[in-house]
Amino acid sequence: MVYIKSKSEIELMKEACKIAALTQKAIEEAIKPGISTWELDKIAEQTMKKYGAIPAEKGYPSGEKGVPDFPGSICSSVNDVVIHGIPSKKEILKEGDIVSVDLVAYKDGFNGDCARTYTVGKVDKNTLKLLEITKQAFFEGIRFAKKGYRIGDISHAIGKFVEDNGFSVVKEFQGHGIGRQMHEDPGIPNYGKAGKGIRLEPGMTLAIEPMVIQGKPDILELDDGWGIISEDGTNACHYENTILITEKEPKILTILE
Ligand code: MG
């Protein structure tokens, strides 16, 4: 079921989302060759704590037998890792890498979710294009995140934009409603048919998150049961914001004003 948030719930959502954005800012400032993804994890945890939030991803159940709950405060996914990378002391970022950081701040009963892909030093031109197209795909999608449109309109806009630019969207994972739970209805695929799916209503809060691969769309799961990589080994990118559907334009809650 899709929860329409009340005014007071929206205020709490805004606060959790602002903390998520501030945490991304702290990570962005720290990224440089030589830093480990574990160090980024600690920065995220400390930043959220400073603002009275906790990292909701930590301890998130895998739902798979034999796979432990998620151990990190962030997902840190380097190069060909698409999503759900586990931060590690052994994983040192180097010049030319990209790292996707997906994080969720939880405060006063609500979640704020956002993902960014960062460059480490200088990266190649095609990778820069991947980052630009993935981010722009989000903005193409939210042109339809308005009262009167449907989920499929957002999905279709994202998928078409990515494919028109020669990259592939991941089909096995998708955006989602968000609020008291990190994952609520509706699911928001990054591909689909315009005019399909549920109608958008003011008060819905949605995490819209294009996941894009440079090469083929096929993915594999790492042995840790969490990390998702591109099968062909090409780079992958992730860009996500939590948004609020209003009577007019959508409000992006995880970008600092
Ligand atoms: Mg996320």
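Basis for what follows: all heavy atoms, side chains included, without hydrogens, waters or symmetry-related copies. Just follow the structure's listing: the first ligand is 1, and inside any ligand the first atom is 1.
- Checked against the 6.0 Å centroid criterion, the rings of Phe70 and Tyr60 do not qualify as a close aromatic pair.
- Taking the Mg ion (ligand 1) as reference, the nearest N/O/S atom within Glu240 carries the name OE1.
- Residues meeting the side-chain contact (heavy atoms from CB on, under 4.5 Å) test with Glu221, sequence neighbours left out: Glu64, Ile228.
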Please tabulate, for side-chain N and O atoms in residues 126-134, each donor-acceptor pair with protein atoms closer than 3.5 Å (sequence neighbours left out).
unit_1 : atom_1 : unit_2 : atom_2 : d
Thr127 : OG1    : Asp124 : OD1    : 3.2
Thr127 : OG1    : Asp124 : OD2    : 2.9
Thr127 : OG1    : Gln214 : NE2    : 3.4
Thr127 : OG1    : Asn235 : ND2    : 3.1
Lys129 : NZ     : Asn165 : O      : 3.4
Thr134 : OG1    : Leu130 : O      : 2.7

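- Counting just the N/O/S atoms of Asp113, the one with the shortest distance to the Mg ion (ligand 1) is named OD1.
- Taking hydrophobic clusters as Ile, Leu, Val, Met, Phe, Trp and Tyr residues chained together by side-chain heavy-atom distances below 4.5 Å, Met211 does not share a cluster with Val162.
- Among the backbone and side-chain atoms of Asp102, an N, O or S atom lies under 2.8 Å from the Mg ion (ligand 1).
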